[in-house]
Structure formats: structure tokens, C-alpha cells
Colleague: 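Quick one: this structure, given as C-alpha cells, is what I'll be asking you about.
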Number of protein chains: 2
Amino acid sequence: MSNDPISRIRRFNRAVTREVGALDNSFLGRGRPLGAARVLNAIGHGHTDVAAIRDYLGLDSGLMSRLLRGLEEEGLIETEPHSDDARRRVASLTEAGQREFEAYEDLSNDRASALLARSPHSDALLLAMDLVASALGRDRISVEEIDPRSEAARFCLGEYYAELGRRFEKGFDVALSRDPDAAAMVRPRGVFLVAMSDGLAIGCVGMKGTGGGMAEIKRLWVASSARGLGIARRLMAAAETAARELSITTLRLDTNSALPEALQLYRKSGWVEIDRFNDDPYPDHFFEKHL
Amino acid sequence: MSNDPISRIRRFNRAVTREVGALDNSFLGRGRPLGAARVLNAIGHGHTDVAAIRDYLGLDSGLMSRLLRGLEEEGLIETEPHSDDARRRVASLTEAGQREFEAYEDLSNDRASALLARSPHSDALLLAMDLVASALGRDRISVEEIDPRSEAARFCLGEYYAELGRRFEKGFDVALSRDPDAAAMVRPRGVFLVAMSDGLAIGCVGMKGTGGGMAEIKRLWVASSARGLGIARRLMAAAETAARELSITTLRLDTNSALPEALQLYRKSGWVEIDRFNDDPYPDHFFEKHL
DNA sequence: CATTTTATCTGACTTAAGTCAGGTAATTTG
DNA sequence: CAAATTACCTGACTTAAGTCAGATAAAATG
């Protein structure tokens, strides 16, 4: 009765509603009703099209219109007709609006810092929060193509190397491995894909063109807090789609038996094991797939 | 920028606000404003005193009064003066009110089940939710004395034995250990204490009187999702307080080196290591503390 | 026992949020 | 190019939520 799954979820909801309730109040305390603050926030976060904001916040068009007029009168935003379609309007922050938006952001950040500061074992708490957020937001996880030298990509690679270091008995040193240079993972030679969940990178995969209709899959990683959501499968599928677009007909990859989930995924999705095709010291399994 | 702790907490808040927002709507859909539904719920959950409800929900006394009249007119609740103090009023559910309250409970349970059903790896998700709920609710964790044969106590003991099974190389079989009989952990011979966090038992400790001003500390356990919150320390402190009340002057306990956190706690809190005092096959360390 | 305090109630108000029926101007469609 | 559609705006309305100043009756206080 007190420890069954449903009670545990409801307990979680109660605990979090309290906390989030307190966090929602950060919208207050600046002398502006919640509706107006939400619109200001939406604009600050890049929702400029009035219809997009209305849709995002689920507002009636009449209410939306009034909220926009209110923010305009406060001198926080400006609106102008859309350049392509004069019926539509686009909103943007004025300088004062930008400052006000940042003040709200600071309030939210302060709440988050305060929560962190009063939590011991904050690493475990953050991991648990990541897991919950990824599970709740699983329908909104997207796979995006980014530059392998970008911040999100470097974050993923750092986590990937750290994971290998933990998994391999003798650790992992990037310098000893054949580090694929980033330029080979940019179109038209290859691609680098990340899985994004509400702004956080939770997985990645690289495809490195090697010439002659061939490419190698590298750096497949999924955050431990996001496993079991089918993300590796989605990343691999997206990589194969990109490969076809780039007229690549044969994909190869190497991996290690310390990564059994990866081995299982490859075997289940049409890859066939082949002989060693490089002298990298880490891998002990080699696969190939014809597209 | 996208993977720092503060961003991760804010991502968690966004994800959970969506979910909880959807859950809050379970209060709607029954043709009753949120305020009235919250009061009905509070009464259903045992807050009968009007002042207590007002305090719990943070409502103005005027508003509270009107909400109560509304629920009374709907035939869902009844109020009567408090028997000790006729200024105060106590509210209770009518039969119709009880049914309505249960309908709300069912809606909440359904939402929770739906979340569970669409989540793979629900064990990991539930553990993460427990951890977050315990961390957010750490200020509301209480230590309570309960019967060692009650459901909450048996849940704790089950988790404790499972934990020993995982920690000990050769597993753990209760039958081989000197299972303290429950009667020895009830006043006046001893006590059994649990740590409760918003309705969930997250830790326990037993004290078993052995006669002659002596007692043994048994079954100290804290849920993995609630470690680092100082719960073991609070449980032990509460057990010592209870021991003094029961005129016990010497406490003893046995433990195992596979439980290093426990060993460290005992050493830091005034326990001294002594020679083996029983022939139980599991323990390899023995401690004593004079009160 | 008169005074003060406490718990609740009532009436008069305000604000926020949302709904709905037109209205206007730009754009799309047949 | 007339008719329909679309995007947004405006005015009139409703509901929910909350605030505040007394009113009332019971209980506590000196």
C-alpha cells in the first residue's frame, strides 16, 4: 500500500509539485501576472511568431493579443508584421525586455542553485533527475545533425571516453585509439548526430567517410540516464539514412566485448561480424553492413 | 551551457512541470474548480480541522469558508463544531463525498499507472523518482515508532534482507541468522523505528531488549534512494533516546565488514569495538556503547 | 466578570484568466 | 477578381481566486 509503484509515483508527484510550485513563484515577485511573464519568457526563448507562442502556451487568441499589448505598453517587447505574410506578427524583446527576461532567468537559476546547494550527494540527485526527465520527455527526444567540434558534440565525446575508461579493465586513452578527425564527420564525407532531450545531449554517433562508398560508424554513446528508450537504435537508423543520402553503400564499425549492449544492437539490426580490419588496440569485434 | 548542473535541474523542472501539469488536470474534468477539489482532497486525506486545512492549503479564511459552504451545498461534506472548542469546526465527508474523493483518487492512480505503463525500465525510473522525492522532501522526513509486525516494518525488513543478500559474497539467509523475535522489539522490552518520507518507509532500526539493562541494535537499514541524508544517524539517535527511556544502560550490536558505511557510522558516534558476543555466522564485527 | 483573543463567517471588492462573438485587413482559392 | 480563409484584434462577458474590513460567538485572560 505504501511502497507499490503507483504510491511511489504519487509520492514523487507530491514532492515535486511542492518544489516546482515554489519554483513557479519565481515568475511572481516581479509585479507581473503569470500569463504575461510566460509570454515574455517564450519570446526570450526564441518563440517570436505570435501564433507559435499562442500554440506553445495554449492561449486563446484574444487573451494572447491582450498580453502582447500589455507587454508592449510596458516597453518590454515590440511587434511587427511578418515580412512574408503581413497578417502574421512577430514579437521581439526590446533592450528593457531583454533585461527583464534575464532577471527571470536569474531567478530560475538561483532556485536551481539553492536546490543544489542544500542537497548532499548532488551527483546522484542530478543523475536521477536526468533519468526522470529523459523518461518523461521520451516523446520529445530528437536526433539532430551537428558539427562534431561543437560544444554538445565535445560533451558527448567526453562522456563517451569516460564511459570506456570505466568499462575497459585497463582504462581507455584516446591518444592510443585511432581518433577520427572531426573533418571526416562533416558532410559530404560523413555526419555527426546527437540525440537531444529538451536541450540536453543524451547520445551521439559519428559516421566517418573513408572514400569509395565506404564509411565507418564511430562513437556510439547513450547517457546512462537515457538507456532503454531506444535511442541507440534511433541514432543508428539516422546514421544509415544519412549514409544513403551520401551514396555510401558499405558501413563498418569496430567495438569491444566490454560493451555487450552495443554488440547485441548490431547483431539484431542486420550487421554481420567480419575479420579485423584495423590495428587499433581497443576493439575485439568488427562488423559490416551493406545498405 | 547545456549540461551544467543548473541547466540539468531546470530541464528536470520543465519535464516534470509538463507531466505534473497534466496530472493536476485530474482535479479538473469533474466539473469542480481546483480550490474546491483541493479542499475535498485534504478532508479525504484526514485533515478534518478547518484551521488545519486552511494552513495546509495556504488559504484565506474567507475563501476557505466559502469553499466549505460550496462543498456542503453539494452534499459532499458536513461540518460541526469541535467537541472541545465550539469556535473551531471539523469537516467530514458524507457518503457522496467519500465516493467523490475516491473518484479523484482513482484519476490520480490512473495517471500514475499510465506513466508507469509507457516507461520501459520502470524499476530504474521508480528508484530515480524515490531518490528525487527523498532529496526534495528531506526536511519532512520523520522517525516514528511502529510495531515490528506492521506492513511498513515488514517492507523494511524485506528490503534489508535483500540488501544483505546483495552485499554478502555468499548471500544471506534469514533462517541461519539469529532472527530477533518481534515481541522483543516492542515496549517495554525494546522498540522498532522507521524513517518515513511522505508516506514511504525509507529506513528502519530495531532495538531488542535482552534483560538486565542491556539491549541489542538490530536491522539498521536505509533505502539506497535515501542515503546521504543523515537518516541512519537519526535512526540511531532515536534508538538511543528510546533506550534511555527504557532504562537501558548498555547497547550492543553486531555487523559485517561488507557494510562499511555502518562500521564508519558506529565508530564516529561513540561505539567501541568489543569481542565477539554471539555465534551468529554472519557478523564479523561487534560493538558496544554505554549510555 | 469585563476584556481580549481566537476561529469562523459574510459582504463588498479586485485581479487574473479565459471565452466568445464579431470586426479588419491580408492572403489564398476557385 | 470575387469569395473564402486566415491571423490577429476588440469589446463584452464569465469564472475562479483571492483580499479585506467588519460581524459574531466562543474561549482565554487578568
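Proteins get letters first, then strands, A, B, ... in listed order; numbering begins at 1 in each.
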Colleague: Base, sugar-phosphate, or nothing for B/Arg38, non-hydrogen atoms under 4.0 angstrom?
Modeller: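 It contacts nothing in the nucleic acid.
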Colleague: Using heavy-atom distances to pick each residue's nearest nucleotide on DNA chain C, tell me which of B/Arg88 and A/Gly58 is more 5'.
Modeller: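 The 5'-side residue here is B/Arg88.
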Colleague: Identify every side-chain donor-acceptor pair in residues 40-54 of chain A under 3.5 Å, counting partners at least two apart or on other chains, and give the distances.
Modeller:
{"unit_1": "A/His45", "atom_1": "NE2", "unit_2": "A/Glu105", "atom_2": "OE2", "d": "3.2"}
{"unit_1": "A/Asp49", "atom_1": "OD2", "unit_2": "A/Arg88", "atom_2": "NH2", "d": "3.2"}

Colleague: Backbone N or O of A/Ile146 within a donor-acceptor pair of the A/Ser150 side chain at under 3.5 Å?
Modeller: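 No, the answer is negative, given that no donor and acceptor are paired below the 3.5 Å cut-off.
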Colleague: With no hydrogens and no angle check, is any side-chain donor or acceptor of A/Arg14 less than 3.5 Å from a backbone partner on B/Asp198?
Modeller: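 Yes, the answer is positive, given that a donor and an acceptor are paired below the 3.5 Å cut-off.
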Colleague: Would you be so kind as to tabulate the donor-acceptor pairs closer than 3.5 Å made by side chains of residues 128-135 of chain B, with sequence neighbours excluded?
Modeller:
{"unit_1": "B/Asp130", "atom_1": "OD1", "unit_2": "A/Arg8", "atom_2": "NE", "d": "3.3"}
{"unit_1": "B/Asp130", "atom_1": "OD2", "unit_2": "A/Arg8", "atom_2": "NE", "d": "2.8"}
{"unit_1": "B/Asp130", "atom_1": "OD2", "unit_2": "A/Arg8", "atom_2": "NH2", "d": "2.7"}
{"unit_1": "B/Ser134", "atom_1": "OG", "unit_2": "A/Arg11", "atom_2": "NH2", "d": "2.8"}
{"unit_1": "B/Ser134", "atom_1": "OG", "unit_2": "B/Asp130", "atom_2": "O", "d": "3.1"}

Colleague: Other residues, nucleotides and ligands only: do more than 12 of their heavy atoms fall within 6.0 Å of CZ on A/Arg233?
Modeller: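 No, not enclosed.
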Colleague: Give the angle between the helix axes at the two ends of the helix from C/dC1-D/dG30 to C/dG30-D/dC1, taking five base pairs at each end and rounding to 10°.
Modeller: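 Axis-to-axis angle, ends of the helix: 20°.
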Colleague: Polar atoms only, N or O, under 3.5 Å: list the protein pairs with nucleotides 9-14 of chain D and their distances.
Modeller:
{"unit_1": "D/dC9", "atom_1": "OP1", "unit_2": "A/Arg69", "atom_2": "NH1", "d": "2.8"}
{"unit_1": "D/dC9", "atom_1": "OP1", "unit_2": "A/Arg69", "atom_2": "NH2", "d": "3.1"}
{"unit_1": "D/dC9", "atom_1": "OP2", "unit_2": "A/Ser65", "atom_2": "OG", "d": "3.1"}
{"unit_1": "D/dC9", "atom_1": "O5'", "unit_2": "A/Ser65", "atom_2": "OG", "d": "3.2"}
{"unit_1": "D/dG11", "atom_1": "N7", "unit_2": "A/Arg66", "atom_2": "NH1", "d": "3.0"}
{"unit_1": "D/dG11", "atom_1": "O6", "unit_2": "A/Arg66", "atom_2": "NH2", "d": "2.7"}
{"unit_1": "D/dA12", "atom_1": "N6", "unit_2": "A/Arg66", "atom_2": "NH2", "d": "3.4"}

Colleague: Determine yes or no for a side-chain-to-main-chain donor-acceptor pair under 3.5 angstrom, with B/Ser122 supplying the side chain and B/Leu116 the backbone.
Modeller: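 A pair under 3.5 Å: no.
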Colleague: Both A/Leu67 and B/Arg54 contact DNA chain C. Taking the nearest nucleotide for each, which residue is further toward the 5' end?
Modeller: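 Taking each residue's closest nucleotide, the earlier one in sequence belongs to B/Arg54.
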Colleague: Could you please spell out the steps behind the side chain to side chain contact (heavy atoms under 4.5 Å, CB included) verdict for A/Glu145 and A/Arg187?
Modeller: CA-CA 10 Å; A/Glu145 200 173 319; A/Arg187 290 196 189 234; 2.6 Å; yes
Colleague: Which residues pass the side chain to side chain donor-acceptor pair (under 3.5 Å) test with A/Arg66, sequence neighbours left out?
Modeller: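 For A/Arg66 there are no side chain to side chain donor-acceptor pair (under 3.5 Å) partners, ignoring immediate neighbours.
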Colleague: Look at A/Glu72 together with A/Arg69 and state whether they make a salt bridge at an N to O cut-off of under 4.0 Å.
Modeller: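 Here A/Glu72 pairs with A/Arg69 in a salt bridge, since their nearest N and O are under 4.0 Å apart.
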Colleague: Can you find a side chain N or O atom of A/Arg32 that sits less than 4.0 Å from OP1 or OP2 on C/dA16?
Modeller: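 Negative; the distance criterion is not met.
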Colleague: What is the separation between atom CG on B/Asp55 and atom C1' on C/dT6, rounded to the nearest whole Å?
Modeller: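 Rounding to the nearest Å, CG of B/Asp55 and C1' of C/dT6 are 15 Å apart.
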Colleague: Give each protein N/O atom lying under 3.5 Å from an N/O atom of nucleotides 24-30 of chain C, with the pair distance.
Modeller:
{"unit_1": "C/dT27", "atom_1": "OP1", "unit_2": "A/Ala86", "atom_2": "N", "d": "2.9"}

Colleague: Minimum heavy-atom separation for A/Leu193 and A/Leu235, please, with both atom names.
Modeller: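 The answer is CD1-O, 3.9 Å.
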